[in-house]
Peer 1: 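Take this structure, written in structure tokens, and hold onto it; I'll ask about it next.
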Amino acid sequence: LASVSLATASRVINGIDKVSLDTKQRVLDAIKQLNYKPNSIAVELASKRNANVAIIVPEINYTYISNVISGLMEEANEHGYDCLIFTTKGSKKDISNTISKVLSLRVNGVIIFNDSLTEEELEELVHFDVPVVTLGTDLKTISSVSWHYKTEITNLVSSALQRNKEIYFLSVEGSGTIEQRVIKGIKEAFVQNGKEFNNIIELKDSYKETYNKIKEIIPNLPNCLFISTRDSIALAALNAALDLNLSVPNDYEFMAMIGTKYSELSRPKLSSFSIDMKTLGKQGMNVLAKLIDDNKQIITEKLAFEYVK
């Protein structure tokens with residue numbers, strides 16, 4: 001219709017200013033008449049550049065994970081990237097298969113928010129020629145966005161011990177490295193106060209089972225602070241105490257390391273660390289964008305947060 005070569009039409013479509021105004025207008029008129037829309041996959045292949053980034057997360061059944069993904073996708077859109085989301089069930093084989101699949105797709109980069117991966121497994125990714133950013137895990141060999149937590153945990157533990165509170169950690173079966181780092185931080189804080197920490201209550205990843213177990217044992221645990229990584233678990237313990245008419249927060253305190261809107265909705269409110277998980281996702285995508293431009297550097301960023309009673 002435009003009576004031009006394929007090369008000329010391509011230059012017009014791709015915005016290359018080497019076409020006369022008359023020729024350009026004829027091509028544009030033909031595009032409108034034919035209702036032509038460029039094939040994004042073909043464009044990417046032709047330019048040898050993909051427009052996708054892969055996001056690897058656990059199963060999306062927790063609010064804080066959804067918040068991270070929201071931030072990642074919002075910022076990816078600002079950079080012109082499409083997101084391919086891969087969920088893993090936690091087994092090493094499943095995670096290994098997922099990473100292999102991701103690397104076969106010629107993505108621009110990979111963001112991993114999955115604390116089921118060990119540091120050794122994450123560090124294996126540096127051998128692949130693709131930018132990688134981890135969220136919530138601070139490594140020396142891979143770019144990451146995480147948060148400062150040791151100082152806050154030390155202050156929390158020291159304050160509780162000064163008030164003669166007995167501290168218990170509510171550990172969820174199958175939890176990953178984030179929980180392990182929190183427990184390590186609590187133990188180090190106890191050592192700084194000349195004490196040893198062993199009060200870890202093992203729980204299933206279930207609100208109902210947590211509620212029943214805490215309701216059974218809490219009458220024998222006076223004047224306590226219960227800490228959990230997840231607010232759903234801390235909330236189950238809080239409700240068990242309230243249903244027994246125990247004094248909260250005077251005698252019993254409950255805290256979630258990662259608070260979501262549920263921490264605010266509960267009455268009395270759950271204490272938590274104000275970690276903005278959406279901001280964590282946005283910062284992670286910003287770091288990945290920098291690495292896509294220059295993958296020869298390692299970028300480490302830490303987010304600040306505070307204890308909210």
Side-chain angles (χ1 to χ4, degrees), residues 62-64 67 147-173 175 178-277 280 303-309:
Y62 299 108
T63 301
Y64 73 93
N67 291 342
W147 49 80
H148 294 283
Y149 66 94
K150 285 189 176 182
T151 300
E152 285 74 13
I153 290 176
T154 299
N155 292 339
L156 173 69
V157 169
S158 297
S159 174
L161 292 177
Q162 289 170 9
R163 292 179 284 117
N164 295 316
K165 289 285 185 183
E166 192 73 21
I167 299 176
Y168 289 85
F169 188 84
L170 305 178
S171 176
V172 177
E173 182 182 68
S175 290
I178 292 178
E179 180 174 294
Q180 293 168 12
R181 288 185 2 248
V182 170
I183 293 174
K184 181 181 178 182
I186 293 173
K187 288 184 175 181
E188 290 175 352
F190 263 73
V191 170
Q192 292 180 25
N193 284 274
K195 296 178 179 291
E196 185 177 355
F197 179 73
N198 294 304
N199 295 337
I200 299 176
I201 300 174
E202 302 287 346
L203 299 164
K204 300 285 187 181
D205 187 7
S206 164
Y207 175 95
K208 184 177 180 179
E209 290 191 29
T210 298
Y211 173 90
N212 290 334
K213 184 165 185 176
I214 297 302
K215 192 172 183 180
E216 177 185 349
I217 67 175
I218 198 171
N220 300 316
L221 305 174
N223 198 33
C224 295
L225 166 62
F226 292 90
I227 302 174
S228 175
T229 305
R230 299 176 187 167
D231 56 2
S232 59
I233 298 299
L235 187 58
L238 168 64
N239 287 339
L242 292 174
D243 289 348
L244 289 170
N245 295 316
L246 300 176
S247 179
V248 179
N250 294 328
D251 295 334
Y252 295 91
E253 298 179 36
F254 300 87
M255 172 192 179
M257 294 296 298
I258 300 176
T260 65
K261 62 183 179 181
Y262 299 112
S263 299
E264 293 289 329
L265 293 174
S266 66
R267 290 294 180 270
K269 292 195 301 184
L270 280 175
S271 298
S272 66
F273 284 142
S274 61
I275 303 172
D276 188 335
M277 303 307 281
L280 178 69
L303 302 181
F305 65 94
E306 60 182 355
Y307 179 51
V308 179
K309 293 185 178 180

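Reckoned from all heavy atoms, side chains included, excluding hydrogens, waters and symmetry mates.
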Peer 1: Determine whether L225 and Y252 satisfy the following criterion, side chain to side chain contact (heavy atoms under 4.5 Å, CB included), listing intermediate values before the conclusion.
Peer 2: CA-CA 6 Å; L225 166 62; Y252 295 91; over 6 Å; no
Peer 1: When rounded to the nearest 0.5 angstrom, what distance separates CD1 in I217 from CG in N212?
Peer 2: 11.5 Å
Peer 1: Mind checking the CH2-CE spacing from W147 to M257? Nearest 0.5 Å is all I need.
Peer 2: 9.0 Å
Peer 1: Taking only residues two or more places apart in sequence or in another chain, which ones pass side chain to side chain contact (heavy atoms under 4.5 Å, CB included) with Q192?
Peer 2: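 With sequence neighbours excluded, Q192 shows a side chain to side chain contact (heavy atoms under 4.5 Å, CB included) to T154, given in chain and number order.
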Peer 1: Look up atom CG in L242 and atom NZ in K215, then write down how far apart they are to the nearest 0.5 Å.
Peer 2: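 Between atom CG of L242 and atom NZ of K215 there are 11.0 Å.
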Peer 1: Could you give the distance from CD (E173) to OG (S206), rounded to the nearest 0.5 Å?
Peer 2: 11.0 Å
Peer 1: Using residues 165-172 as the side-chain source, report each donor-acceptor pair under 3.5 Å to any protein atom, sequence neighbours left out, with the distance given to one decimal.
Peer 2:
residue, atom, partner, partner atom, Å
K165, NZ, N223, OD1, 2.9
K165, NZ, N250, O, 2.9
K165, NZ, D251, O, 3.1
E166, OE2, N199, ND2, 2.8
S171, OG, E179, OE2, 2.5

Peer 1: If you apply the rule side chain to side chain contact (heavy atoms under 4.5 Å, CB included), what do you find for R163 with E253, and how did you get there?
Peer 2: CA-CA 12 Å; R163 292 179 284 117; E253 298 179 36; 2.5 Å; yes
Peer 1: Taking atom NZ of K187 and atom CD1 of I153, what is their separation to the nearest 0.5 Å?
Peer 2: 13.0 Å
Peer 1: Measure across K204 and E209 and return the closest heavy-atom pair with its distance rounded to 0.1 Å.
Peer 2: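 Shortest heavy-atom contact: CG-OE1, 3.0 Å.
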Peer 1: Take F190 and E196, measure what side chain to side chain contact (heavy atoms under 4.5 Å, CB included) needs, and give me the verdict at the end.
Peer 2: CA-CA 6 Å; F190 263 73; E196 185 177 355; 5.9 Å; no
Peer 1: Considering the options D231, I233, N239, which one meets the side chain to side chain contact (heavy atoms under 4.5 Å, CB included) requirement together with L235?
Peer 2: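 Single pass found, and it is N239.
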Peer 1: Out of curiosity, T210 OG1 to I214 CD1, how far, rounded to the nearest 0.5 Å?
Peer 2: 7.0 Å
Peer 1: Taking ring pair (Phe, Tyr, Trp, His ring centres under 6.0 Å) as the cut-off, I'd like each qualifying pair that reaches into residues 198-222, sequence neighbours left out, listed once.
Peer 2: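 Qualifying pairs, neighbours excluded: none.
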Peer 1: Any chance you could lay out the side chain to side chain contact (heavy atoms under 4.5 Å, CB included) test for V157 and F197, step after step, and finish with the verdict?
Peer 2: CA-CA 11 Å; V157 169; F197 179 73; over 6 Å; no
